[in-house]
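Here is the structure we will look at, set down as structure tokens.
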Amino acid sequence: MTPVHFSFSSAFILGLMGLAFHRTHLLSALLCLEGMMLSLFIALALWALQFESTGFSTAPMLLLAFSACEASAGLALLVATARTHGTDRLQNLNLLQC
């Protein structure tokens, strides 16, 4: 495994571990998801450059568009929960209460 592949895979694993073990605030969970998506974007872009094919060049842009949509939906959820509950702590959010 090259050092470049190791760095992107370790960035993805660190984001996944942060999402799994450090879920106190909604903002920290969203940041972990964004880190995972950015590491996937860079890895997919380098993979497309490595094969030198024009068919793979649209996949990183599609992933980047989906990650931007995911980030905007996450920030909208963050604003909505902060307005209704007064905090973004995930322990205070209960889906059974309206």
Side-chain angles (χ1 to χ4, degrees):
M1 181 181 288
T2 63
V4 174
H5 289 98
F6 177 72
S7 65
F8 294 129
S9 63
S10 64
F12 182 79
I13 295 295
L14 282 174
L16 187 65
M17 285 176 48
L19 186 63
F21 296 127
H22 188 64
R23 293 182 302 189
T24 57
H25 294 281
L26 182 61
L27 184 61
S28 65
L30 289 174
L31 284 175
C32 290
L33 280 174
E34 277 301 310
M36 290 169 56
M37 289 299 285
L38 284 176
S39 67
L40 282 177
F41 167 71
I42 293 173
L44 193 60
L46 285 178
W47 182 63
L49 285 175
Q50 186 178 12
F51 282 123
E52 297 175 357
S53 175
T54 58
F56 295 124
S57 62
T58 58
M61 288 299 144
L62 188 66
L63 181 71
L64 194 62
F66 281 134
S67 70
C69 293
E70 176 257 332
S72 65
L75 286 178
L77 277 172
L78 178 69
V79 168
T81 56
R83 285 184 180 174
T84 57
H85 295 285
T87 183
D88 69 334
R89 291 184 59 86
L90 292 177
Q91 293 175 350
N92 295 340
L93 300 178
N94 190 359
L95 295 178
L96 299 177
Q97 294 176 346
C98 291

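FYI, the numbering just counts along the sequence from 1.
Here Thr2 pairs with His5 under the side-chain hydrogen bond (donor to acceptor under 3.5 Å, both in side chains) rule; sequence neighbours left out. Considering only residues two or more places apart in sequence or on other chains, Thr87 meets the side-chain contact (heavy atoms from CB on, under 4.5 Å) condition with Arg89, Asn92. Residues that satisfy the side-chain contact (heavy atoms from CB on, under 4.5 Å) test with Ile42, not counting sequence neighbours, are Phe8, Leu46. A search for side-chain contact (heavy atoms from CB on, under 4.5 Å) contacts involving Phe66 returns Leu62, not counting sequence neighbours. Residues passing the side-chain contact (heavy atoms from CB on, under 4.5 Å) test with Leu19, sequence neighbours excluded: Ala29, Cys32, Leu33, Met36. Not counting sequence neighbours, His22 has no partner by the side-chain hydrogen bond (donor to acceptor under 3.5 Å, both in side chains) test.
Applying the side-chain hydrogen bond (donor to acceptor under 3.5 Å, both in side chains) rule to pairs touching residues 61-74 yields nothing, sequence neighbours excluded.
Leu14 belongs to no multi-residue hydrophobic cluster, having no ILVMFWY side-chain contact under 4.5 Å with any other such residue.
Interatomic distance, Ile13 CD1 to Ser10 OG, rounded to the nearest 0.5 Å: 8.5 Å. Between the NE2 atom of His25 and the CG atom of Leu30 there is a distance of 12.5 Å, given to the nearest 0.5 Å.
Side-chain heavy atoms closer than 4.5 Å link hydrophobic residues (I, L, V, M, F, W, Y) into clusters, and following such links, even through other members, never connects Met61 to Leu38.
When each of Leu31, Thr81, Leu75 is tested with Leu26 by the rule side chain to side chain contact (heavy atoms under 4.5 Å, CB included), just one qualifies, namely Thr81. Checking each of Leu27, Val79, Thr24 against Asp88 for a side chain to side chain contact (heavy atoms under 4.5 Å, CB included) leaves exactly one that passes, namely Leu27.
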